[in-house]
Amino acid sequence: MTKETAMIEQLLQAKSITFLTGAGVSTPSGIPDYRSLHGIYQGLDQPEYLLSATCLKRDPEKFYSFIKQLYHPDALPNVIHQTIHELEKTHNVWVVSQNIDGLHDRAGSTQVVNFHGSLYHVYCQSCGKEVPYADYLASDRHLCGGRLRPAIVLYEEGFTPQTIKEAVRAVEAADIVVIVGTTFQVHPFCDLIEYKQKNAQVFVVNQTPIHLRGQKEQLIGNAVDFFQALYQKLKEAQP
């Protein structure tokens, strides 16, 4: 039995699974990752500044010019998102995602913690009113005169206690935690693994190895291939 087959069999037998997902989950949908050779930061000098609270405050035009590049409204959920949603039919499934593209929600997953927020939730910093993201892409000025911004966590900003609480609860609930498409180096996201149950298994499906304490199963390769195989097994198991 191959490692892939063994991991799939264990996922099918699990009762509760939590997926911790990163940018590599969305690249098959045509959304560039942030840090790879072909990522959106390529050729730019201070990406952390462009996505910082300081930039939003001091250089709102520069922030707005950059943030618009992150929008891909025509991108569709891929087989990874779809398979995770399919698992909900037979398992207790949670998703905690670093991604701000909303594709897990669009795929139909119901227990999703968008850890860094969503580009598609936009509000006015002056009056607090929410507006359609399409309005923001047309102008970052609200009718009241205030500036609009997406509800994402920028560098220098903190996380709400509710977000942390939900993410921790999702990890604590899992028999198996699956880390997919992330270098797993950004805090506090990578710290969530510390809240897993003592006997919970950790699976990693990633293009490159990640460093974790404790026992884990790492499958290095294309996550699309793994999730396609998992999706096929799910369909075969259906009556």
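Computed over heavy atoms, backbone and side chain alike; hydrogens, waters and symmetry mates excluded.
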Do [X] and [Y] share a hydrophobic cluster (ILVMFWY, side-chain heavy atoms under 4.5 Å, transitive)?
| X | Y | value |
| --- | --- | --- |
| V202 | V168 | yes |
| V96 | L87 | no |
| V153 | L103 | no |
| V25 | V112 | yes |
| V177 | F19 | no |

Determine whether L154 and F63 satisfy the following criterion, side chain to side chain contact (heavy atoms under 4.5 Å, CB included), listing intermediate values before the conclusion. CA-CA 11 Å; L154 302 175; F63 174 87; 3.8 Å; yes
Mind jotting down which residue pairs meet the ring pair (Phe, Tyr, Trp, His ring centres under 6.0 Å) criterion with at least one end in residues 88-114? Sequence neighbours excluded, please. H81-H104
Ignoring hydrogens and geometry, is there a side-chain-to-backbone donor-acceptor pair from [X] to [Y] under 3.5 Å?
| X | Y | answer |
| --- | --- | --- |
| N222 | V224 | yes |
| S52 | C55 | yes |
| Y64 | L137 | yes |
| T83 | V79 | yes |
| E156 | T54 | yes |
| N92 | K15 | no |
| D33 | A23 | no |
| S118 | Y120 | yes |
| E157 | A53 | no |
| Q82 | A107 | no |

Give me each pair satisfying side-chain hydrogen bond (donor to acceptor under 3.5 Å, both in side chains) with a member in [range], each pair once, sequence neighbours excluded.
| range | answer |
| --- | --- |
| residues 197-210 | Q10-Q201 |
| residues 183-192 | H187-D191 |
| residues 126-142 | D140-R147 |

Could you tell me the separation between the [atom1] atom of [X] and the [atom2] atom of [Y], rounded to the nearest 0.5 Å?
| X | Y | atom1 | atom2 | answer |
| --- | --- | --- | --- | --- |
| N78 | S29 | CG | OG | 3.5 Å |
| H121 | R149 | NE2 | CZ | 13.5 Å |
| F203 | L20 | CZ | CG | 13.5 Å |
| L11 | F227 | CG | CZ | 8.0 Å |
| L148 | Q125 | CG | CD | 8.0 Å |
| E236 | L12 | CD | CG | 10.0 Å |

Do [X] and [Y] have side-chain heavy atoms sitting under 4.5 Å apart?
| X | Y | answer |
| --- | --- | --- |
| T27 | P32 | no |
| S109 | V93 | no |
| I220 | Q218 | yes |
| M7 | V178 | no |
| V95 | V113 | no |
| I100 | L70 | yes |
| I152 | H116 | no |
| Y49 | Y155 | no |

Over all heavy atoms of both residues, which pair between [X] and [Y] is shortest? Give the atoms and the distance, please.
| X | Y | result |
| --- | --- | --- |
| E88 | Q111 | OE2-N, 3.7 Å |
| G128 | Y123 | O-CB, 4.1 Å |
| C124 | G146 | SG-CA, 3.9 Å |
| D175 | A14 | OD2-C, 4.1 Å |

Passes side chain to side chain contact (heavy atoms under 4.5 Å, CB included), I8 versus F226? Steps please. CA-CA 8 Å; I8 288 174; F226 177 82; 3.7 Å; yes
Side chain to side chain contact (heavy atoms under 4.5 Å, CB included) for E9 and Q13? Distances and angles first, verdict last. CA-CA 6 Å; E9 289 299 324; Q13 294 169 14; 4.2 Å; yes
Could you check whether [Y] and [X], counting side-chain N and O atoms only, form a donor-acceptor pair closer than 3.5 Å?
| X | Y | result |
| --- | --- | --- |
| T21 | Q98 | no |
| D101 | S26 | yes |
| N114 | D105 | yes |

Tell me whether K62 forms a cation-pi arrangement with F66, defined as NZ or CZ under 6.0 Å from the six-membered ring centre and within 45 degrees of its axis. no
Decide if atom OH of Y195 counts as having more than 12 heavy atoms of other residues, nucleotides or ligands within a radius under 6.0 Å. no
Mind checking what makes side-chain hydrogen bond (donor to acceptor under 3.5 Å, both in side chains) contact with E194, not counting sequence neighbours? R213
With sequence neighbours excluded, what pairs up with E166 under the salt bridge (charged side-chain N to carboxylate O under 4.0 Å, His left out) test? none
